[in-house]
Every structure is written in structure tokens, then in C-alpha cells.
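Side-chain atoms are counted along with the backbone in the values below, which use heavy atoms only and exclude waters and symmetry mates.
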Amino acid sequence: MSTTGIAFLKGHGTENDFVILPDPDGRLELSPAAVARLCDRRAGIGGDGVLRVVRSAVHPEARPMADDAEWFMDYRNSDGSVAEMCGNGVRVFARYLQRAGLVGEGDLAVATRAGVRRVHIAKSDAEGEFGDVTVGMGAARLPAGEVTVAVGDLRWPARNVNMGNPHAISFVGDLAEAGDLLAAPAVSPAAAYPDGANVEFVVDRGPRHVAMRVHERGSGETRSCGTGACAVMVAAARRDGVDPAVTGLAVTYTVDLPGGRLLITENPDGTVDMTGPAVIVAEGTLDPAWLDSALSA
């Protein structure tokens, strides 16, 4: 049994919350069961996922990106499954690096399973409050083909948008139509999403202003989803006849989520920027005996 615990932090981005495990040398071996236990809101710390902070040079998946990004975000969903990318997670990851003194305000790069993401940490305000974090989320891909989302007896056409992870986006009359989102909405055809999908339901709030709910693959309904907000913005812009690659002008949408507000901008080169808050709320040490039982699960 371990004689010392392992440090952890808890953070959130628009209430999409994470357990942060600093592991610069890549020594932790996290089983899916251990991640699920860490994220358990009654028997663990609680969170929508785990962010393991590892130097890119020591992680086999991130080593090819080490020259571009010193740090790798090893992200796991709350059920223990591995995820390609998490937009809110990248902001919280960057905030941890800033808090730990590993980076400062300004620009940095973060390695993810979806590739290197460029991040900008805004300057603190006059009261010393940390500024918002902007993440370059890469370009959206819009796979061809019709997609349908269903909840109970209700069905809607959906837009297939990939932001490094897959999304199915439906515009609805009322967000309540999505139901409780405890179970994943049905998405068809299955071949469009061989590894499952994040499913977003969207309503209009005003010009270039939408609100959404999301069922995240592997986590259930969450208070926020950064990649989902980006996918929703791109889908809304195309629905509205706006394509920056055609107009030559960047376009920004306000996206309201249950946990807060994000500003999403698509640029003429197709890249998408996401800006929002990132907060560290607590830090501590995992109990050695509990941790050993979790890691051996």
C-alpha cells in the first residue's frame, strides 16, 4: 500500500467539472474503474472526467507532439473511457498549468489525442482575477449524409459535425423536448458514428445567439461541453447561411449552456476559437488506502 497520497485538484469550465491529477513523469496507471471511482459524485471526488497532466515527452501517444507542446492532456470520461478531446477540459488544464507556475499569461500549446491545441490565457484584471482562456479548437469537419436523433417518440434531423470528436446537433423548439438525458439519445444511422456521439439540442435566443443541452458520450448530460458548443456554432452558422470561408469574415456566436456562456468564433481559414472561464476550486491529497483500492480496481 502507498505511504503517501497523490495530489489532486478540482476545477471546472462553465460547470463542466474535472478531477485534475498532476503526473508529469507519467507514473500513474489509471484503469477505467479507477477513473469511474474518482468521478463518482458520492463515493469519490466527483467530476465529468479526469484530466491527467503529463509531459508529452514521456507519454507514448503524445511523444510525437513533444516538440510543439510540452504538456499532454490525458483526458478520460467519467465512465473511464478515453476521449479524443474536451474543450472545457483544455481551458481548465491550462488554468492548472498557470496556477502551478508552469506557464504564464499569453500563448501556449497543449497536446491532446485530437492534436495540438493553441491556447491563450488572458491577463488578470485589476483585482487579480484570472482572465478568460481562449482555445484554438481546430477546424470543424462536416461529414456528408443524413443523420437523425430520437428521444422517445420524438425525432429530429441532425447535423454531423466533428471537432476532433463526433457530434450530432439537432435544432428543437424547446430544450425540454430532449427529456432528462439520463440515457443517450438514439442516433442513426449507426455507421455515421461508429464510436458513439455527443448529442446536442439547440434553440435560438437571438441573432447569433443560441442555447443548448448536451448528452456527452461516456458522461451523460453535462453542464457544459466545449467541443459541443463549437460544433453547435458551426451548425448554426451553416443553417443561417454563414460560412466564413465564403464571406472572408470571422463570425462569432454566443452559446449559452446550463453552466454558463461561451463565445465561439469561426475564422475564414475554418479554424474555431472558444473563449470562456476556467476555475480551480479545490486541491488536496487522495487518501493512500482509498487510492490504492481505486487504482487496483
Under 4.5 Å between side-chain heavy atoms, hopping through other hydrophobics if needed: is there a path connecting [X] to [Y]?
X	Y	result
Leu51	Val35	no
Phe171	Leu175	no
Leu30	Val92	no
Val272	Val251	yes
Val19	Met73	no

Output every pair passing ring pair (Phe, Tyr, Trp, His ring centres under 6.0 Å) with a member in residues 37-64, not counting sequence neighbours, ordered by first then second residue. His59-Phe72
Taking only residues at least two apart or on different chains, which pairs with a member in residues 96-154 satisfy ring pair (Phe, Tyr, Trp, His ring centres under 6.0 Å)? none
Counting C-beta onward and ignoring hydrogens, is there a side-chain heavy-atom pair between [X] and [Y] closer than 4.5 Å?
X	Y	value
Glu105	Ser124	yes
Val161	Ile169	yes
Trp71	Leu108	no
Thr285	Ile6	no
Leu28	Val54	no
Val210	Val232	yes
Thr271	Met137	no
Leu38	Leu21	yes

Might you point out which heavy atoms bring [X] and [Y] nearest each other, and give the distance in Å?
X	Y	result
Thr14	Ser224	OG1-OG, 2.6 Å
Val149	Ala168	CG2-CB, 4.0 Å
Pro194	Ala191	CD-O, 3.5 Å
Gly218	Asp79	O-CG, 3.2 Å
Ala294	Ser31	O-OG, 4.1 Å
Pro268	Gly248	CG-O, 3.4 Å

With sequence neighbours left out, write down each residue that passes side-chain hydrogen bond (donor to acceptor under 3.5 Å, both in side chains) with [X], or none if nothing qualifies.
X	result
Thr254	none
Asp125	none
Ser293	Arg37

So, Thr222 versus Asp48: side-chain donor-acceptor pair below 3.5 Å or not? no
Give a yes or no answer on whether the side chain of [X] reaches the backbone of [Y] with a donor-acceptor pair at less than 3.5 Å.
X	Y	value
Thr227	Cys86	no
Thr247	Leu249	yes
Arg155	Ala150	no
Asn267	Gly270	no
Asp180	Leu182	yes

Looking at residues at least two apart in the chain, or sitting in another chain, which of them share a side-chain contact (heavy atoms from CB on, under 4.5 Å) with Ser78? Cys39, Ser219
Partners of Glu177 by side-chain contact (heavy atoms from CB on, under 4.5 Å), sequence neighbours excluded? Leu154, Trp156, Val172, Asp174
Please list all pairs meeting side chain to side chain donor-acceptor pair (under 3.5 Å) that have one or both residues in residues 235-244, counting only residues at least two apart or in different chains. Asp204-Arg239, Arg238-Glu266, Asp240-Tyr253
For Ile264 and Asp273: C-alpha separation, side-chain torsions, deciding distance, then whether side chain to side chain contact (heavy atoms under 4.5 Å, CB included) applies. CA-CA 6 Å; Ile264 312 296; Asp273 296 327; over 6 Å; no
Calculate, to the nearest 0.5 Å, the distance between atoms [atom1] and [atom2] belonging to [X] and [Y] respectively.
X	Y	atom1	atom2	answer
Asn162	Tyr193	CG	OH	8.5 Å
Ile45	Phe18	CD1	CZ	14.0 Å
Met274	Thr134	CE	OG1	8.5 Å
Asn16	Leu257	CG	CG	9.0 Å
Cys230	Met85	SG	CE	8.0 Å
His167	Arg217	NE2	CZ	8.0 Å

Would you list the pairs meeting salt bridge (Lys or Arg N to Asp or Glu O under 4.0 Å) in which at least one residue belongs to [range], sequence neighbours left out?
range	result
residues 256-265	Asp256-Arg261
residues 89-102	Arg99-Glu283
residues 6-21	Lys10-Asp17, Glu15-Arg223, Asp17-Arg41
residues 64-74	Arg52-Asp74, Arg55-Glu70, Asp74-Arg76, Asp74-Arg113

Does Glu221 pair with Arg213 as a salt bridge, N-O distance under 4.0 Å? yes
SB check Glu146 Arg159 (cutoff 4.0 Å): no
Trace of the side chain to side chain contact (heavy atoms under 4.5 Å, CB included) decision for Asn198 with Asn165: CA-CA 8 Å; Asn198 304 288; Asn165 57 358; 3.7 Å; yes
Going by side-chain contact (heavy atoms from CB on, under 4.5 Å), Val53 matches just one of Leu102, Asp23, Leu9, Ile20. Which one? Ile20
Evaluate the side chain to side chain contact (heavy atoms under 4.5 Å, CB included) criterion for residues Val199 and Val214: first the C-alpha distance (whole Å), next the side-chain angles of each, then the deciding distance (0.1 Å), finally the verdict. CA-CA 6 Å; Val199 183; Val214 57; over 6 Å; no
One pair to check against side chain to side chain contact (heavy atoms under 4.5 Å, CB included): Asn77 and Tyr75. What are the steps and the verdict? CA-CA 7 Å; Asn77 294 312; Tyr75 178 63; 3.5 Å; yes
